[in-house]
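Atoms considered below: every heavy atom in the structure, side chains included; atoms not considered: hydrogens, waters and symmetry mates. Owing to the predicted nature of the structure, the values given are computational and were not obtained by experimental measurement. Numbering starts at 1 and runs along the sequence shown.
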Amino acid sequence: MGLYDNASDVGGTWYWNRYPGALSDTESFCYRFSFDKELLDQGSWQTRYLTQPEILEYLNNVADRFDLRSSYQFNTKIVSTRFDEATGLWHVVTDKGETASAKYLITGLGLLSAINKPTFCGIDDYAGDIYHTGAWPEGVDLSGKRVGIIGTGSTGIQVIIALAPQVKHLTVFQRSAQYVVPIGNWPEDTETIDTYKANYDEIWKQIKSSNVAFGFVESTVAGIDVPEAERECVFEEAWQRGGGFRFMFETFNDVAISDEVNTSAANFIKRKIAKIVKDPEIARKLTPGDIYAKRPLCATDYYGVYNRKNVSLADVKDDPIAEFTTRGIRLASGIEHELDAVIFATGFDAVDGNYTKIDIRGRGGVTIRDKWADGPLGYLGMMEADFPNMFMILGPNGPFTNLPPSLESQVEWISDTIATMEADGRSTIEPTQEAEDAWVETCRTIANMTLFPKAESWIFGANIPGKKNAVMFYLGGLGNYRSELQSVRNSGYESMIFDRQTATTAL
């Protein structure tokens, strides 16, 4: 078995994303693995949400506990891999020119790892420092500097909040105004943590049968059946408690489905912006004009940051970035912002971008890049027709949830499938094209039942210029997803083709 990672150690997204303020927005008690009861009982944390250093420490502890590093070759990138139909093996080539062969190819490329860094005229002439939040170097000190940040997604708002008190001046270049609710990151004492541990059996049972798997019971109340005044009270309670996914899914069951209820939620947040932000013009710029249907965001007093004298907001949708100069960034209006450093919080070419950047070839030499030219496909978020014995952890059209429970669900299914293959003496497995087409259509149908496709979001690839918008997630919830996986097992893998090469040869 050979394991390769481009990083110098374990941690994945939490290895690379070391930017100021990096924080999980999944609560600490369930942003962890459940498969090892002793590991759960040993868990400890300080606050309701984990910081990046805490998460990385946890993942390092997991690696130590299971001696994972001994199987890894770090600082190594896979540049190409192809399936050899004659031998039934995958052949892998690294950036060091090394090669390896294996019966099974398992990818753990992550949803958010292919960095998206927009190009701007004059950027090579800029004399200051440039950073991307997805590849943050150690030892960066921005204290007392004039800093610009491009991007106001989940990462951007965390960096903005963290840097505002430290820097001389912070200029935020905002393309899209965001709906941001409080995070509610209060301390959690030993008694609270022990209560979680004592109830973990029931907690994980609920999480794995829920929709978003964030450790709370999603609402079964339809907001459309509730008077507007009562909706307001429910939203206020959620605002005070904090949590982005809680605000969208614990309040009512149709915030992401009903135009009317979605508008109520959006208007509630808009009124909060107007109340919090003192300058009416800045409040106007911070007020979203689209529906409340992107990835739910939460942070500590995001809108209050703009009341600081050392923070300014540039709305680059109204006044776009024209070019970088030697001293900073010039907008189309001619306004120039002089900056000592620029931070790109511009996210990633999510989900499929991680795969299309590698030369992956299946049967007949077909490439993933060509097969997904009109948008990523993928069966169950783990497999692709014509790519035998290739399993993708968090591949396209997998569940949109808190990730550790989804990771576990997929890894368990992959492990069971490989064990079945080996026990039965099978050589290859791949989904039928019909099964894959049906799964992709299911993902599209469910997505279109929601309001999410109506918003410009990285969830559908809208953050990448020229990229076709496409459904990339199964939005039916983790519980339903796990039921689908169980159904495939129970059917004896009817949606799969075994030993396709052998069967073709026999004919």
Side-chain angles (χ1 to χ4, degrees), residues 13-14 17-28 31 45-55 112 133-134 136 142 147 149-167 170-188 212 214 216 235-251 265-266 268-278 282-283 285-288 292-308 310-313 343-347 402 455 457-459:
T13 190
W14 297 106
N17 288 266
R18 301 167 183 246
Y19 57 83
L23 184 78
S24 170
D25 63 356
T26 304
E27 292 173 49
S28 300
Y31 198 68
W45 56 91
Q46 302 297 317
T47 53
R48 189 181 177 199
Y49 298 92
L50 297 169
T51 62
Q52 179 272 335
E54 290 176 305
I55 300 170
L112 303 172
T133 54
W136 195 266
L142 297 172
V147 178
I149 180 167
I150 301 174
T152 54
S154 180
T155 294
I157 63 176
Q158 291 183 347
V159 178
I160 290 164
I161 291 167
L163 287 185
Q166 301 177 16
V167 301
L170 181 66
T171 303
V172 178
F173 296 90
Q174 172 190 273
R175 183 173 68 101
S176 300
Q178 302 283 4
Y179 294 99
V180 184
V181 305
I183 191 169
N185 193 20
W186 53 70
E188 291 192 327
V212 294
F214 269 71
F216 61 83
F235 289 138
E236 179 63 35
E237 183 179 345
W239 180 274
Q240 295 301 325
R241 178 172 176 78
F245 278 79
R246 283 183 179 271
F247 191 90
M248 181 172 280
F249 296 103
E250 194 180 29
T251 50
F268 176 89
I269 299 173
K270 289 176 182 178
R271 288 192 292 272
K272 290 290 187 181
I273 297 171
K275 184 177 180 180
I276 294 169
V277 182
K278 296 176 182 178
I282 295 176
K285 291 179 179 180
L286 288 169
T287 302
Y292 175 48
K294 296 181 180 180
R295 184 195 187 283
L297 302 182
C298 57
T300 300
D301 194 25
Y302 172 66
Y303 299 116
V305 166
Y306 294 91
N307 291 328
R308 298 180 61 96
N310 71 324
V311 177
S312 59
L313 178 65
I343 299 170
F344 282 87
T346 46
N402 170 28
S457 170
W458 67 261
I459 297 174

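- For the pair P182 and C298, the tightest heavy-atom approach, listed with the atom from each and the gap, is O-CB, 3.7 Å.
- Two residues are said to be in side-chain contact when any heavy atoms from C-beta on lie closer than 4.5 Å; N185 and L23 meet this criterion.
- With sequence neighbours excluded, no residue satisfies salt bridge (Lys or Arg N to Asp or Glu O under 4.0 Å) with K270.
- In terms of modelled atom types and a separation under 3.5 Å, the side chain of T155 and the main chain of G347 share no donor-acceptor contact.
- Taking Y302 as the reference, Y306 meet the ring pair (Phe, Tyr, Trp, His ring centres under 6.0 Å) condition, with sequence neighbours excluded.
- Looking at heavy atoms from C-beta onward, Y49 lies out of side-chain contact with E188 at the 4.5 angstrom threshold.
- In this structure, the side chains of Q166 and L142 stay at 4.5 Å or more apart for every pair of heavy atoms.
- Q174 places no side-chain N or O within donor-acceptor distance of the main-chain N or O of L286, the cut-off being under 3.5 Å.
- A search for ring pair (Phe, Tyr, Trp, His ring centres under 6.0 Å) contacts involving F235 returns F247, F252, F268, not counting sequence neighbours.
- Rounded to the nearest 0.5 angstrom, T346 OG1 and F173 CZ are separated by 13.5 Å.
- Note: Q158 CD to T51 OG1 = 10.5 Å, rounded to the nearest 0.5 Å.
- Side chains of Y19 and L163 form no contact here, defined as non-hydrogen atoms less than 4.5 Å apart.
- Across every non-hydrogen atom of G153 and L297, the tightest pair is C-CD1, 4.3 Å.
- Residues that satisfy the side-chain hydrogen bond (donor to acceptor under 3.5 Å, both in side chains) test with E236, not counting sequence neighbours, are Q240, K272.
- Nearest approach of Q52 to W14, heavy atoms of both residues: NE2-O, 2.8 Å.
- Taken from CG in D25 to CG in N402, the straight-line distance is 9.0 Å, to the nearest 0.5 Å.
- The closest side-chain donor-acceptor pair between E54 and W45, if any, does not fall under 3.5 angstrom.
- Across all non-hydrogen atoms, the minimal contact from A293 to A455 is O-CB, 3.7 Å.
- With sequence neighbours excluded, the residues forming a side-chain hydrogen bond (donor to acceptor under 3.5 Å, both in side chains) with E27 are R48, R246, listed by chain and number.
- Remark: T26 OG1 to L50 CG distance equals 9.0 Å, nearest 0.5 Å.
- Inter-residue side-chain proximity for V180 and T152 is flagged as unmet; no heavy-atom pair is nearer than 4.5 Å.
- Residues passing the side-chain hydrogen bond (donor to acceptor under 3.5 Å, both in side chains) test with W239: none are found, sequence neighbours excluded.
- Here the CZ-CZ distance, from F216 to F245, works out to 8.0 Å after rounding to the nearest 0.5 Å.
- Distance check, rounded to the nearest 0.5 Å: CD1 of I282 to OG1 of T287 gives 11.5 Å.
- Taking the side chain as every heavy atom from C-beta outward, R308 and P165 approach each other to under 4.5 Å.
- In this structure, A22 and N17 approach most closely via the heavy-atom pair CB-O, 3.7 Å.
- Counting heavy atoms from C-beta on, the side chains of V181 and I269 come closer than 4.5 Å.
- Under the 4.5 Å side-chain criterion, counting only non-hydrogen atoms from C-beta, T171 is not in contact with I149.
- Of all non-hydrogen atoms in A345 and G156, the two that sit nearest each other are CB-CA, 3.7 Å.
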| Chi angles and distances behind the side-chain contact (heavy atoms from CB on, under 4.5 Å) call for I276, D301 | CA-CA 9 Å; I276 294 169; D301 194 25; 4.3 Å; yes
